Q: 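I am attaching a structure below and will ask some questions about it afterwards.
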Amino acid sequence: MKKVIYIILIVVLVIALSLFLIGRNKANQSLESEHIDPTNKPVILLIVDSLMDNSLQQAIQEGRAPALKFLMENGHYYPDFVSSYPTMSVSIDSTLLTGKYPDEHRIPGLVWYNKAETRLINYGTAKEEIFKLGIKQVIEDQLFHLNHKHLSKQTKTIHEELANSGLQTGSINALVYRGNEPKTINLSETLANVDLMPKSVDIMTPTIFSYGAFAQYSPENKKNTQLWERYGFNDPFVTEELKSIIKNDKLPALTLAYYADLDQAVHKDGPQNHMEAIEKVDQYLQEVLDSYRSWEEALKNNVWMVMGDSGQAPVKGDKGESLISLHSLLDAYNIHKTSEPMKDDDQIVLALNERMVYIYSVDKSVKLHDIATTLQEDDRINFIAWKSNEGVQVVNSDKEGNLLFRPNGPLTDPYGQSWTVEGELSILDLKQNNNQLEYGIYPDALARLHSALHSHKGTFLIADAKPGYEFIGEGTPTHPGGGSHGSLHEDDSLVPLIVTGTDTKPNNFRLKDMKPWIEQLILGNNQ
């Protein structure tokens, strides 16, 4: 009996880690003619999960965020950077580190279907899904496959690029971290003995690599790594690691540190009710700045960047209204059960990413157009999109007709991308002014949607929920009365950026443009 109880406790520990790793799951000016001189100061990039402009501004106005206010007043503030799509942490992180959208970096979302392996890839959602898919499989996908198998080797991360130029970088608690230095992470012999995870994992990391209790820079940073502290995947752990690197004068050319706790508060309390969580983040930032003799010295010695990764849209409190049950909508089809291997009579597979979902046809008799027609009957769904021979087809429940688009053509968007667009522009809130396209509530809509649909192999469509709603499936996490992300909508897609120490800015205000800008800032134009 004691052995059984012990194994149960071990399983709980693994799930606790997995659930945390999930939770992290927000006027353009060209620099083409501008010379960017390389900085001789280390760049510190702090990603604050689900940091949003409105709540950040409110926290500053209420006097809850003196450190963020100090950085903003002594630098530049950009409130509306466009995230990647789907707006889920792993695909966003991959875009930030590679400067590419998912069609090139190949991380389609937090959950997706791997056609070659005929299985769902899940980097960690809810405990129910983890049990159904298998704890060991989810852990292996999180700890190894994400960075070393799924993330395209054809797209180099900023850690790899800077290492190739002879510079060191650092990563603290970022799920996407791939670098050039081999490292062995020793996990748990006990967990390996009960087949819940491998005993060790060989990975490639930046020079300075911190990953909760699995890998630490400071050997003294033990107090934030216990089970009840989510094995170090928490903001106090990140803060202690960053402070230790600073105090030991070991800051590399670039340090990326991930503050994830705010995301959980926004999921629970909603986009407008999390001032205490922002206040807490600011207190940790104050501790980091206090590592210097003065905050002014901190600014003098480094380039500081603080930004969100995705926003969150509110979810209505009434579960019957706010939660879109795909099993109910698509009950005419045989839906693959996540707890079982693929079966011959399975017709569709669901890969839910909160307010966005990939729906796969694994039966040649099931046509995407027919699935889309069924989904159009639910007015909580914003749009449905899929690939065709002519391009990307988009429909929704509010408007008749369809939108068809493909890259290259006579129309140019604000990012200099050219398109051929036909049909009902309002489906994606597009406007055309002569040969210019303008985006509305879906920032960089064409490139982001096209990228997601070309991010991996398979026959599938995308459904995207309206603000106020999210999709539910077998054991997926839900957030009625709180906040959720994943969609193309601006609520999920726009994030703020604070920069001190440089007057330059990215080529465009998108996370996609952060990597080349930071590389130019560190290396200069003549790389």
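Only a predicted model underlies this, so the values are computations on that prediction, with no experimental measurement involved.
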Q: Any side-chain heavy atom of Gln312 sitting closer than 4.5 Å to one from His479?
A: no
Q: State, without any angle test, whether Asp444 and Tyr101 hold a side-chain donor-acceptor pair at a distance under 3.5 Å.
A: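 Yes - a donor-acceptor pair under 3.5 Å links their side chains.
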Q: Please report the shortest heavy-atom distance between Phe383 and Tyr442, naming the atom on each side.
A: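 In terms of heavy atoms, the two residues are closest at CE2-CE2, 4.2 Å.
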Q: Minimum heavy-atom separation for Ala351 to Tyr360, with atom names?
A: CB-CE1, 3.8 Å
Q: Please identify which of these residues, Leu262, Leu494, Val266, meets the side-chain contact (heavy atoms from CB on, under 4.5 Å) condition with Met52.
A: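 So, applying the side-chain contact (heavy atoms from CB on, under 4.5 Å) to Met52 and each of Leu262, Leu494, Val266, only Val266 qualifies.
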Q: Looking only at the aromatic ring of each residue, does the gap between the centers of Tyr113 and Phe460 stay below 6.0 angstrom?
A: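 Not close enough - the centres of the two rings lie 6.0 Å or further apart.
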Q: May I ask you to say whether Glu424 pairs ionically with Lys399, meaning some side-chain N is under 4.0 Å from a carboxylate O?
A: no
Q: My understanding is that only one of Lys100, Glu104, His105 makes a side chain to side chain donor-acceptor pair (under 3.5 Å) with Thr95; could you say which?
A: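 That would be His105.
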Q: Could you tell me whether Glu519 and Lys156 make a salt bridge, using a distance below 4.0 angstrom between a side-chain N and a carboxylate O?
A: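 No.
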Q: Is Ser361 close to Thr459 at the side-chain level, that is, under 4.5 Å between some pair of heavy atoms?
A: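 Answer yes - side chains close enough.
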Q: Is any NZ, NE, NH1 or NH2 atom of the basic residue among Glu160 and Arg178 found under 4.0 Å from an Asp or Glu carboxylate oxygen of the other?
A: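 Looking at Arg178 together with Glu160, the answer is yes, because their closest N to O distance falls below 4.0 Å.
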Q: For a quick check under 3.5 Å, do Ser152 and Arg106 share a side-chain donor-acceptor pair by atom type?
A: no
Q: Does the side chain of Leu330 come within less than 4.5 Å of Leu350's, by heavy atoms?
A: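 Yes. Closest side-chain heavy atoms under 4.5 Å.
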Q: Could you check whether any side-chain heavy atom of Ile47 comes within less than 4.5 Å of a side-chain heavy atom of Leu256, counting everything from C-beta outward?
A: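 They are in side-chain contact.
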Q: Can we say Asp370 and Lys367 salt-bridge, meaning some charged N sits less than 4.0 Å from an Asp/Glu carboxylate O?
A: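 Salt bridge flag = no for Lys367 with Asp370.
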Q: Is any NZ, NE, NH1 or NH2 atom of the basic residue among Lys466 and Asp398 found under 4.0 Å from an Asp or Glu carboxylate oxygen of the other?
A: yes
